[in-house]
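Order of the sequence lines fixes the chain letters, A, B, ..., with proteins taken first and strands second; residue numbering starts at 1 for each chain. As the structure is a prediction and not an experimental result, all values here were calculated from the model. Note: hydrogens, waters and symmetry copies are ignored here, and every other heavy atom, side chains too, is used.
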Amino acid sequence: MSKDKFYITTPLYYVNSSPHIGHSYTNIAADCLARYMRLNLGKENVRFLTGTDEHGQKIQKAADASGLSAQDFTDKIVVQFKELWSGLNVTYDDFIRTTEKRHVDFVQRSIQILFDKGDIAEGKYEGWYCTPCETFWLDAQVSDKACPDCKRALERISETNYFFKLSKYQEWLVKYIESEKDFIRPVSRYNEVLSFLKNNRLADLCISRPKQRLNWGIELPFSKDHVIYVWFDALLNYISAVGQFDERGKYTSKWWPASLHLMAKDILRQHAVYWPIMLKALDIQMPKTVFAHGWWMMGESKMSKSLGNVISPVEMAGKYGIDTFRYFLLRDMPFGLDGTFSEEALVKRFNSDLANDLGNLVYRTLTMAEKYFDSVVPAVSEKPKAREIQIREKLDGLPEVISLELCPETNYNFSACLERIWELIAMANKYVEEVKPWSLAKENKAEELKGFIRLLVDVIRGVALSLRPFMPQTAESILEQAGTDKINKGKPLFPRIDTKSADK
RNA sequence: CGCGGGGUGGAGCAGCCUGGUAGCUCGCAAGGCUCAUAACCUUGAGGUCGUCAGUUCAAAUCUGACCCCCGCAACCA
């Protein structure tokens with residue numbers, strides 16, 4: 001990517017069920033980066049794409065189960081996703097659905113190009129099929145010719161399908177990954193993919209499904225009897241949304257190549273193996289970075305609908321506030337690793353970090369400005385003390401520190417950014433004890449008091465500016481209260497949650 | 001011998017790559033202060049860094065073996 005443009009994507013979410021905390025996590029992280037880049041590069045130089053993946057058998061089945069047509073069903077779920085994003089202040093620039101014409105046309109064109117150049121060919125697909133479940137199983141997944149799902153007898157079938165020649169590009173991909181250290185992040189994932197590619201021979205990817213089994217999909221342009229495999233269809237969204245092929249099949253785009261494809265670790269394979277090979281075959285540039293983050297675990301176990309431990313992001317944001325939810329997700333687990341979600345942990349973070357540290361600093365600062373200087377922000381001190389100089393250095397250095405943490409090399413470390421900001425907050429809280437402004441007031445040391453209050457106001461302004469990508473509402477609120485020469489104090493930002501009485 | 005992550009004071013984690021006083025947050029105890037949301041500040045208690053062996057002057061950190069926990073099929077980032 002060029003350094004003055006930033007194109008970030010999230011996965012296209014599969015709409016066979018409602019959105020949950022994992023979807024929120026990916027999109028909040030993406031939103032944070034998009035907001036950050038907009039502030040630095042200008043709004044017009046940032047593109048943030050999200051959307052939904054709507055084809056395939058699981059969706060067909062989910063639609064059947066709810067008694068709706070596939071189109072009506074997906075229309076309904078898409079609304080839930082869009083509402084969630086606006087409910088979490090996720091500011092995407094474009095939302096693509098794989099059922100949209102712009103995407104369908106693009107996918108058909110792409111696959112025709114690959115077919116014409118010989119990278120897609122007809123072949124036989126053999127495997128096991130469970131008629132009641134309407135599910136295909138590979139040899140490796142099956143034992144005793146029984147369906148892993150329903151345990152009923154499987155049928156051996158062989159059908160005509162189309163295959164994408166992944167193996168043709170395997171060597172190229174290994175070399176490419178080896179030459180581009182930023183291509184897959186974090187490093188543990190980079191090593192994982194590379195060793196996978198070195199130790200396994202890629203099988204050619206079956207990219208079609210016979211219509212007799214499944215017709216909810218994009219039709220193959222060269223076979224009326226087949227639709228396109230969902231992954232092959234879905235991955236193309238990253239380029240279908242921002243560009244097009246000319247007559248000669250050359251892809252042009254204002255935004256491509258993407259700066260960052262963000263996803264969870266479970267779909268890294270598709271993005272780090274299939275996708276680059278698809279692009280290479282289409283003669284299109286590689287994205288700069290593919291980043292796989294970790295999973296949120298629920299207490300001891302994995303999040304699971306059957307265990308009933310799925311957290312509703314809407315409920316969390318509604319109960320504790322959007323910014324609290326964003327803060328918790330971005331702060332509590334290092335980006336790239338797995339973490340544990342619990343409401344108790346969230347409340348703890350709320351009370352200690354947001355109420356006690358940040359909220360209290362803002363509130364006490366504004367109260368003093370109000371009380372000592374009638375809400376007029378005083379001038380910067382002319383003879384700052386050593387400690388004040390130190391705090392100002394930390395404050396001035398914050399943007400640089402954050403920029404170093406929000407890049408592929410440091411794994412887009414949101415948590416570290418927030419830690420750095422909170423270090424400044426802690427310094428300011430300590431400094432209040434050191435200076436004892438209440439004593440200065442009693443002793444009529446107005447000059448000293450002025451410089452001190454101004455320092456605190458500058459700190460909370462700086463904190464607010466740095467927080468904009470992470471906690472947009474909070475940042476705005478602080479700037480509304482303290483952004484101008486006249487303080488406009490409001491209510492405490494994060495009223496402490498009383499856990500002691502709630503426990504019993 | 002399928003793959004991967006992890007076992008560090010009461011809880012949750014960092015440190016391990018690039019060996020050398022074991023650090024952070026929360027909780028707990030004592031004290032201070034009053035501008036502030038029973039908030040803030042200071043100090044303190046508390047750890048044989050999963051087990052065993054090896055390398056080394058020196059190991060949480062490197063090597064080997066072993067034990068235990070959790071993900072990797074499904075709904076699913």
What interatomic distance, in whole Å, is found between [atom1] of [M] and the corresponding atom of [N]?
N     : M     : atom1 : value
B:C66 : B:G7  : C1'   : 14 Å
B:C16 : B:A60 : C1'   : 7 Å
B:U8  : B:C49 : P     : 11 Å
B:C35 : B:G71 : C1'   : 49 Å
B:A45 : B:G27 : C1'   : 13 Å
B:A14 : B:G47 : C1'   : 15 Å
B:G15 : B:U25 : C1'   : 15 Å
B:G50 : B:G6  : P     : 13 Å

Base, sugar-phosphate alone, or nothing: which one does [X] contact when heavy atoms must sit under 4.0 Å apart?
X        : result
A:Lys436 : nothing
A:Asp357 : sugar-phosphate
A:Leu493 : base
A:Pro437 : nothing
A:Tyr363 : base
A:Phe494 : base

Base paired to [N] (Watson-Crick or G-U; both N/O distances under 3.5 angstrom):
N     : answer
B:C28 : B:G44
B:U21 : none
B:A39 : none
B:A65 : B:U51
B:C72 : B:G2

Counting distance only, does the side-chain N/O of [X] pair as donor-acceptor with the main-chain N or O of [Y] below 3.5 Å?
X        : Y        : result
A:Arg185 : A:Phe291 : no
A:Arg496 : A:Asn356 : no
A:Asp485 : A:Val377 : no
A:Asn360 : A:Ala355 : no

What I want to find out is whether A:Asp64 reaches A:Lys61 closely enough, with some N-O distance under 4.0 Å, to be called a salt bridge.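 Here A:Asp64 does not pair with A:Lys61 in a salt bridge, since their nearest N and O are not under 4.0 Å apart.
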
Could you tell me whether A:Arg97 and A:Asp75 make a salt bridge, using a distance below 4.0 angstrom between a side-chain N and a carboxylate O?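 Yes.
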
Can you name the one residue among A:Ile8, A:Thr9, A:Asp93 that meets side chain to side chain contact (heavy atoms under 4.5 Å, CB included) with A:Arg47?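 Checked A:Ile8, A:Thr9, A:Asp93 against A:Arg47; only one passes side chain to side chain contact (heavy atoms under 4.5 Å, CB included): A:Asp93.
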
Just to verify, which of A:Asn237, A:Leu236, A:Leu235 counts as forming a side chain to side chain contact (heavy atoms under 4.5 Å, CB included) with A:Ile239?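 That would be A:Leu236; it is the only one of A:Asn237, A:Leu236, A:Leu235 passing the side chain to side chain contact (heavy atoms under 4.5 Å, CB included) with A:Ile239.
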
Within less than 4.0 Å of OP1 or OP2 of B:A77, is there a side-chain N or O belonging to A:Lys265?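 For A:Lys265, the contact criterion (side-chain N or O under 4.0 Å from OP1 or OP2 of B:A77) is not met.
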
Is A:Asn351 near enough to B:C26 that one of its side-chain N or O atoms lies under 4.0 angstrom from OP1 or OP2?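 Checking A:Asn351 against B:C26: no side-chain N or O falls below 4.0 Å of OP1 or OP2.
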
Short N/O separations, protein against nucleotides 10-17 of chain B, under 3.5 angstrom:
none

Under 4.0 Å, heavy atom to any atom of RNA chain B: which of residues 478-490 of chain A qualify?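 Correct list: empty, so none.
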
RNA chain B: A:Pro495 or A:Ser439, which has the more 5' nearest nucleotide?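 Result: A:Ser439.
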
With nearest nucleotide decided by heavy atoms, which residue, A:Tyr25 or A:Met368, maps closer to the 5′ end of RNA chain B?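 Looking at RNA chain B, the more 5' nearest nucleotide goes with A:Met368.
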
Would you kindly check whether a donor in the side chain of A:Asn360 faces an acceptor in the base of B:A39, or vice versa, at under 3.5 angstrom?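 Looking at the base of B:A39, it does not pair with any donor or acceptor on the side chain of A:Asn360 (distance under 3.5 Å).
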
Is A:Glu433 side chain donor-acceptor paired with the B:C35 base, going by distance under 3.5 Å alone?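 Such a pair exists between side chain and base.
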
For atom [atom1] of [X] and atom [atom2] of [N], their distance in whole Å:
X        : N     : atom1 : atom2 : value
A:Leu358 : B:A36 : CG    : C1'   : 13 Å
A:Leu366 : B:A39 : CG    : C1'   : 15 Å
A:Leu455 : B:C35 : CG    : C1'   : 15 Å
A:Lys491 : B:A36 : NZ    : P     : 18 Å
A:Trp231 : B:A77 : CH2   : C1'   : 10 Å
A:Trp422 : B:C26 : CH2   : C1'   : 16 Å
A:Ile59  : B:C75 : CD1   : P     : 11 Å
A:Arg496 : B:A39 : CZ    : C1'   : 7 Å

Between A:Thr474 and A:Asp323, is a side-chain hydrogen bond (donor to acceptor under 3.5 Å, both in side chains) present by the stated rule, with each step listed? CA-CA 7 Å; A:Thr474 302; A:Asp323 279 2; 2.7 Å; yes

Taking side chain as C-beta onward, heavy atoms only, is A:Ile28 less than 4.5 Å from A:Phe325?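 They are in contact (side-chain heavy atoms under 4.5 Å apart), so the answer is yes.
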
So which nucleotide from B:U42, B:C40, B:C72 ends up closest to the side chain of A:Lys430?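 In terms of side-chain proximity for A:Lys430, the closest of B:U42, B:C40, B:C72 is B:U42.
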
Residue A:Ala264, side-chain atoms from C-beta onward, closest of B:A77, B:A36, B:U34: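 Shortest atom-to-atom distance from the side chain points to B:A77.
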
According to the interplanar angle, ranging from 0 to 90°, do the rings of A:Phe414 and A:Phe470 count as parallel (below 30°), tilted (30 to 60°) or perpendicular (above 60°)?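 Plane angle over 60°, so perpendicular.
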
Aromatic rings A:Trp85 and A:Tyr13: how do their planes relate, parallel, tilted or perpendicular, breaks at 30° and 60°?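 Tilted.
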
Can you tell me how far the OG atom of A:Ser66 sits from the CG atom of A:Asp72, to the nearest 0.5 Å?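 Output value for this atom pair is 9.0 Å.
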
For A:Trp438 and B:C33, do the ring centres fall under 5.5 Å apart while the planes stay under 30° apart?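 Ring-base stacking flag not set for A:Trp438 and B:C33.
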
